[in-house]
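Working notes for the structure below.
Just so we're on the same page: letters track the sequence lines, and every chain starts at 1. These values consider heavy atoms only, across backbone and side chains, with no hydrogens, waters or symmetry-generated copies.
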Protein chains: 2
Amino acid sequence: MAKAEDSGAYKGSGKLRPEEMIYQEMLDAILDRRLEPGMKLVEEDLAKTFGVSRARIRATFLQLAHDKLINLVPNRGAFIAEPTINEAIEVFSARRMIEDGVARKVATSMTPERADQIRNHLAREHAAHHDGDHRAAIILSGEFHLLLARLTGNLVIEEFLERLILRSSLIIAMYESPQPVDCSHSEHDRLLDALLGGDPDVAAAEMSRHLDAIRDRLQLQRPKPGKTDFASIFGRTPRSEAS
Amino acid sequence: MAKAEDSGAYKGSGKLRPEEMIYQEMLDAILDRRLEPGMKLVEEDLAKTFGVSRARIRATFLQLAHDKLINLVPNRGAFIAEPTINEAIEVFSARRMIEDGVARKVATSMTPERADQIRNHLAREHAAHHDGDHRAAIILSGEFHLLLARLTGNLVIEEFLERLILRSSLIIAMYESPQPVDCSHSEHDRLLDALLGGDPDVAAAEMSRHLDAIRDRLQLQRPKPGKTDFASIFGRTPRSEAS
DNA sequence: GCACGCAAAATTGTTAACAATATTATTGTC
DNA sequence: GACAATAATATTGTTAACAATTTTGCGTGC
């Protein structure tokens, strides 16, 4: 499916290191759910697919495992992560803890230029929604939060939040409700209003509400979705078929 | 100096995976400044020292680089990180942003058992100070913050803060003032009082003050210490010696 | 004496082969 | 026909050798 092709065109000047390219490709596949949670990742298959050595794939695995996007099991291999309900709750709780602080800082250091930057981004979000581009909308929604993190001017926070947002994307892809009631763009509008207000407490409260809302829109009651769990799909216990 | 020896005694049951052992040993060496900032880490030397293959060392490097404790330069190798003054400031700023939230959460979820856990830890900190064990004091001081993170019950926060505290330890080791006025144990006492008070705002304010105090005790005015920067050590510009 | 360039050494990056482990298929037994 | 033991296969873990790159040392010319 997602072979490496010849490529070299869409990545600009072609100076990009192949290792980052592979990481990015796998990332995209995970967030697109072309690679489903629980799926086994065989080193040699991937190596052949990308036309690199196993060692390179192994290094990429380490990176993905560090971001909690795959699980590395000794002697067994790599598997797409299957964030549990509890993990999902903890991730959004952690984000609230951090992004409250982000909102506070951004609210108290607002400038006209920064406000324009945010408005600019929101316009793109609205456009994606208008065009019905669900995938772009999800990505832009994440990048909105990343933009706020960047406005704090703190690279440490920015980098950590970037990873946490990626992890959130996997969680959302895994637990989102069948009919995506994705009204988060209007929540982002409200967030901008709060940030422009300049009151750190109000901004933090609005951020908390927003992140809780995202979490609450998820279908976090199912015991464990994903993978090829036919038993849950067909609502019966497995039995052997007649040969 | 820090050879692997035969070892096997101090790591308990001996079931510990060697990869984690190597990471831990290198970590200790970095925080002890047996490995100085800027120092080159040659793969083969380390491989022979620890009696493992270069591949294993390479994997360990990736982990350390992810924690920002070493720098990985393509085709050049690995170097002990030299956090800049700006990085130091950002790390403590990030910690304040996060640990304010931690303090808030701990203050509002305090129980007698948890209070005892904290008091228990403080007793160990005091003991280390009393014994003049500087190294133990620094480690325990970091673990105090980690304990609070653990009390939030959020593994995401705990793991991130663990890395940030390690990074802080490197920064402190690099920038601490010659005469270590390490009065942070009394600040931890005050922090406990604030947490017991139950007021989240008070607890957060006390945490902010404490982290700012640590930062302010650092000698963050020097342009760039570490390495073999003879020019700054001898206060003169380099010149060639007569052969 | 100093700068430049070239060659040698050291070091990292990569590949391929081998060993250890886990998974799957097969066979035999009840 | 179901279950257990065993062999065959597939996959991961590890090692060693080779290629590419950088660093170092040396010599030459100015």
Side-chain angles (χ1 to χ4, degrees), chain A residues 4 7 14-23 25-26 35-36 38-66 69-82 227-230 237-243, chain B residues 4 8 14-23 25-26 35-36 38-66 69-82 227-230 237-243:
Chain A
S7 75
K15 290 266 296 179
L16 216 21
R17 285 201 304 274
E19 39 189 11
E20 295 186 10
M21 196 266 279
I22 294 171
Y23 175 85
E25 289 238 18
M26 291 194 58
L35 293 175
E36 283 191 20
M39 190 175 278
K40 172 79 182 290
L41 300 172
V42 178
E43 295 180 358
E44 198 168 342
D45 292 355
L46 284 166
K48 268 189 281 194
T49 300
F50 289 111
V52 299
S53 69
R54 272 179 56 212
R56 183 67 60 87
I57 296 294
R58 242 144 186 284
T60 305
F61 278 177
L62 249 60
Q63 231 182 318
L64 288 167
H66 213 276
L69 295 175
I70 67 173
N71 290 328
L72 242 39
V73 185
N75 288 323
R76 296 265 328 274
F79 303 83
I80 304 292
E82 300 177 276
K227 221 174 181 174
T228 50
D229 185 359
F230 294 124
T237 55
R239 57 189 175 83
S240 58
E241 53 184 321
S243 66
Chain B
K15 290 265 296 179
L16 218 22
R17 285 201 303 274
E19 39 187 13
E20 295 186 10
M21 196 266 279
I22 294 171
Y23 175 84
E25 290 238 20
M26 292 193 59
L35 294 175
E36 282 191 23
M39 187 176 280
K40 172 80 181 290
L41 300 172
V42 178
E43 294 181 358
E44 197 167 343
D45 292 354
L46 284 167
K48 269 190 279 195
T49 301
F50 288 110
V52 299
S53 68
R54 271 178 57 212
R56 182 71 56 91
I57 297 294
R58 243 145 184 283
T60 305
F61 278 177
L62 251 60
Q63 233 183 317
L64 288 167
H66 214 274
L69 296 175
I70 68 173
N71 291 328
L72 242 38
V73 185
N75 288 324
R76 298 263 331 273
F79 304 83
I80 304 291
E82 300 178 275
K227 222 173 178 176
T228 50
D229 184 0
F230 295 124
T237 55
R239 56 188 177 84
S240 58
E241 54 185 321
S243 67

With rounding to the nearest 0.5 angstrom, report the CG to NE2 distance, B:L62 to A:H66.
9.0 Å
A:K40 side-chain N/O to D:dA10 phosphate OP1/OP2 under 4.0 Å
no
Figure out the NZ/C1' separation between B:K48 and D:dT15, and round it to whole Å.
15 Å
So, under a plain 3.5 Å distance rule, would you say the side chain of A:R56 forms a donor-acceptor pair with the base of C:dG13?
no
Can A:R76 and A:F79 be said to form a side chain to side chain contact (heavy atoms under 4.5 Å, CB included), step by step?
CA-CA 9 Å; A:R76 296 265 328 274; A:F79 303 83; 3.6 Å; yes
Categorize B:L41 for me: base, sugar-phosphate, or nothing, with a 4.0 angstrom heavy-atom threshold over every strand shown.
sugar-phosphate
Look at the side chain of A:E43 and decide which nucleotide, out of D:dA17, D:dT12, C:dT15, has an atom nearest to it.
D:dT12
With rounding to the nearest 0.5 angstrom, report the OG1 to CD1 distance, B:T60 to B:I22.
5.0 Å
Could you give me the CA-CA distance, side-chain angles and deciding distance for B:L46 and B:M26, then say whether side chain to side chain contact (heavy atoms under 4.5 Å, CB included) is met?
CA-CA 10 Å; B:L46 284 167; B:M26 292 193 59; 4.1 Å; yes
Checking contacts here: which listed nucleotide (C:dT12, D:dT15, D:dT12) is nearest the side-chain heavy atoms of B:S53?
D:dT15
Between C:dA16 (P) and A:I57 (CD1): distance, integer Å
14 Å
Distance in angstrom units between B:R54 CZ and C:dT11 P, rounded
11 Å
Side chain of B:R76 only, heavy atoms from C-beta on: which candidate in D:dT14, D:dT22, C:dG13 is closest?
D:dT22
Please give, in whole Å, the distance from C:dT12 P to B:L62 CG?
14 Å
Whole angstroms only, please: what is the CG-C1' distance between A:D45 and D:dA10?
10 Å
D:dG13 phosphate, OP1 or OP2, under 4.0 Å from A:R58 side-chain N/O
yes
Return the value, rounded to whole Å, for the distance between atom CD of A:E44 and atom C1' of D:dT12.
10 Å
